[in-house]
Amino acid sequence: MDAPHTSCAAPGRSSHLSPAPFRDGVSDAQTVPLRTILARRDLALEPLVPAAPDAHVRWATVSELLDPAPYLKGGELLLTAGTNLPTAPEALDRYVTALVSAQVTALGFGVTPVHDAVPDTLVARCRAHGLPLLLVPRETPFVAVSQAVGEELERLRLAGQRRFTAAGRSLTKAAIGATPVQELLTTLSAALGCWTQLLGTRPLGQVGRVPPLPDEAHELIRKVRTPGGPLSAKLWIPPDEVVLHAIGDHTRDRAVLLLGRPKPLDTTDRAILGIAVALLGLLSRAQPAVVDDASRLATRLLLTGATPDTTVLRLLPALLTGDEPAPTAYRVLHARWTRPSSQPTPSPTLFRTRLVDDTSTPVRAILADQGTHHAHLELLDNLHAAGWLAALSRPVPGSALADADQEAAMLLIRAHATGRPLLPETQPDPLETLLETDEARAAARTLLGPLAGNDSTSRTLRTTLRAWLAHHGSWDRTAADLGAHRNSVRYRISRIERDLGIDLSDPEQRMRMWFALSRFPDDDPSPTNRRDMSR
């Protein structure tokens, strides 16, 4: 067996693995297969010196320099019309060898306007040095080749996004199965096309044919398992690249996830692996030091739609409390970073939950109900002291998290207007009993009239009206909150009065509008629209 090649991620650093190499550093996630570009009939590229089947292109670029190598990063499809192509054999050989040294994927030669055909001497030199050479016909402009590469890269990016979302749902579902560890390994193996094995003090599960591990692999496993050791490592055991990743608490002996396949992991693969690692960590009841991708995904799934994802809902008690008794109620927290410095990653210790989604503004979190008013006030005060202005919903069952999410959003608007954190009123609101939820939403749509649409203009007007009402009609504070000009705010409020036929100087009308906005279904009450609306 060939001697394995190993590499480790530094201890205490991010658990994302380093990108798989492509010609000394170009990742597959950043490239498109050259064969895909050659298959495009609209380009009609003709290979004169063929490329390897696995050749990939980072980008297509044009250069007529005698030595373009210093300006290349590797993996390019270099396009030239041969304006400065050397004719002397030694100079032409230097030109080709420089491109090979720069790790150019292929050279595309346009036959007009300088040359009527690709020079035979160039074909011979490219063949001798193994540089793929393509003929670009006179009907194909270079910009069309560049555009085609960009289109294919975008198509691959969108496909990767869809694959990541599907895999995330499948892994989350596997985590609540009867045998969650084995089901997670099986799902991960199918998603990545690899074999997998989970090792603790003993084997905890495996899928596929695991090859015999050399001594170097056992030494890496020992290092990754050791508290304070590297979070991840890579090992080459022909024909597979083997990835090792720590699972569990960084302060005690950890399990190690191994997976292997011949093709290196790309960006989407590593994101999918990150979800599996996080879910395995949750199953091992380890408290993560920071919010991870699985936490964000689970939070979004639970707060999306009128009814949370039932698969994740069943996992909710374990996600929050592990071995402790399951909560009887939950709360949703919304928080905004208030300091001029860049927003930090929310700490599960500070937020008292692992279910935090910080991918949007405001940050949203799901907490187990603390049981006492004092405990919730203490949480909000601690967050405020750390730079977070937050609001917390009433306690609800897991099936009503979407309603709690909307309540927390409305409370945060009021908190932002007053500059202090907010809890809902502890005494029941007698007005809430006057209308059922469905009736309240129907009334909200009627009151909002043309503002109840789902188009961008209606959403912008609702966002502006919320902020204006929350700031008690202050033009300057509303404009600052929305990131708009005060004249734009004035115009929008005037348009609302005109479209609805109301006078917002009337406190009763303002009350009716606040009622409607606070009960409008499937709406994000957060003032996230930062662009002026055209008049």
Side-chain angles (χ1 to χ4, degrees), residues 2 5 7 18-40 43-138 140-146 148-150 152-153 236 238 241 262-264:
D2 295 339
H5 171 73
S7 63
S18 57
F22 168 78
R23 306 194 106 191
D24 291 336
V26 182
S27 165
D28 282 345
Q30 302 168 305
T31 61
V32 61
L34 179 59
R35 63 179 181 274
T36 302
I37 305 303
L38 293 175
R40 300 263 307 223
L43 300 181
L45 304 179
E46 179 184 345
L48 302 180
V49 177
D54 61 347
H56 281 65
V57 173
R58 176 203 292 271
W59 195 247
T61 187
V62 180
S63 177
E64 300 297 342
L65 294 175
L66 185 59
D67 181 15
Y71 307 98
L72 303 175
K73 297 181 67 176
E76 291 89 356
L77 170 53
L78 183 65
L79 304 171
T80 180
T83 302
N84 294 312
L85 187 72
T87 56
E90 296 82 0
L92 183 59
D93 194 78
R94 285 195 299 272
Y95 176 78
V96 173
T97 56
L99 297 185
V100 172
S101 297
Q103 302 175 1
V104 167
T105 295
L107 178 64
F109 196 93
V111 293
T112 56
V114 181
H115 296 267
D116 293 328
V118 180
D120 292 338
T121 51
L122 178 62
V123 177
R125 288 296 84 206
C126 287
R127 184 173 289 116
H129 291 287
L131 177 64
L133 178 62
L134 312 178
L135 184 150
V136 183
R138 68 186 69 222
T140 302
F142 285 172
V143 69
V145 179
S146 297
V149 173
E152 295 298 333
L153 286 170
W236 175 249
E241 179 182 85
K263 182 182 178 182

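Listed by first and then second residue, the ring pair (Phe, Tyr, Trp, His ring centres under 6.0 Å) pairs involving residues 58-92 amount to none (not counting sequence neighbours).
Under a 3.5 Å cut-off, the side chain of Thr97 and the backbone N or O of Asp93 do form a donor-acceptor pair.
The minimum heavy-atom distance between Val104 and Ala106, with the atom names listed, is CG1-O, 3.2 Å. Summarising the geometry of Tyr95 relative to Pro86, their closest heavy-atom pair is CB-CG, 4.1 Å, with the distance given to 0.1 Å. Summarising the geometry of Leu43 relative to Ala148, their closest heavy-atom pair is CD1-CB, 3.7 Å, with the distance given to 0.1 Å. Taking every heavy atom of both residues into account, Phe109 and Pro119 meet most closely at CZ-CD, 3.8 Å. Closest approach of Leu78 to Ser63, counting heavy atoms only: CD1-CB, 3.8 Å. Between Pro47 and Leu45, the closest heavy-atom pair is CD-O, 3.8 Å.
Within the model, atoms CD of Glu76 and CD of Gln103 stand 9.5 Å from one another, a figure rounded to the nearest 0.5 Å. Distance check, rounded to the nearest 0.5 Å: CZ of Arg58 to CG of Leu72 gives 10.0 Å. Annotation: the span from Ser146 atom OG to Ile37 atom CD1 amounts to 10.0 Å, rounded to 0.5 Å. With values rounded to the nearest 0.5 angstrom, Leu65 atom CG is found 10.5 Å from Thr83 atom OG1.
Considering Val49, Leu48, Val100, Leu122 in turn, Leu122 is the only one that fulfils the side-chain contact (heavy atoms from CB on, under 4.5 Å) rule with Leu107. A side-chain contact (heavy atoms from CB on, under 4.5 Å) with Val62 is found for one member of Leu77, Thr80, Leu79, Val143 and no other, namely Leu79.
Contacts of Asn84 classified as side-chain contact (heavy atoms from CB on, under 4.5 Å), with partners at least two apart in sequence or in another chain: Glu64. In terms of the side-chain contact (heavy atoms from CB on, under 4.5 Å) criterion, residue partners of Ala128 (sequence neighbours excluded) are, by chain and number, Arg125. Contacts of Arg40 classified as side chain to side chain donor-acceptor pair (under 3.5 Å), with partners at least two apart in sequence or in another chain: Asp42, Glu151, Glu152. Checked against salt bridge (charged side-chain N to carboxylate O under 4.0 Å, His left out), Arg138 has no partners two or more places apart in sequence or in another chain. With sequence neighbours excluded, the residues that form a side-chain contact (heavy atoms from CB on, under 4.5 Å) with Ala98 are Asp67, Ala69. Listed by chain and residue number, nothing satisfies the side-chain contact (heavy atoms from CB on, under 4.5 Å) test with Pro50 (two or more places apart in sequence, or in another chain).
Using a 4.5 Å heavy-atom threshold, the side chains of Pro89 and Thr121 count as separate. The shortest distance between side-chain heavy atoms of Thr36 and Val57 does not fall below 4.5 Å.
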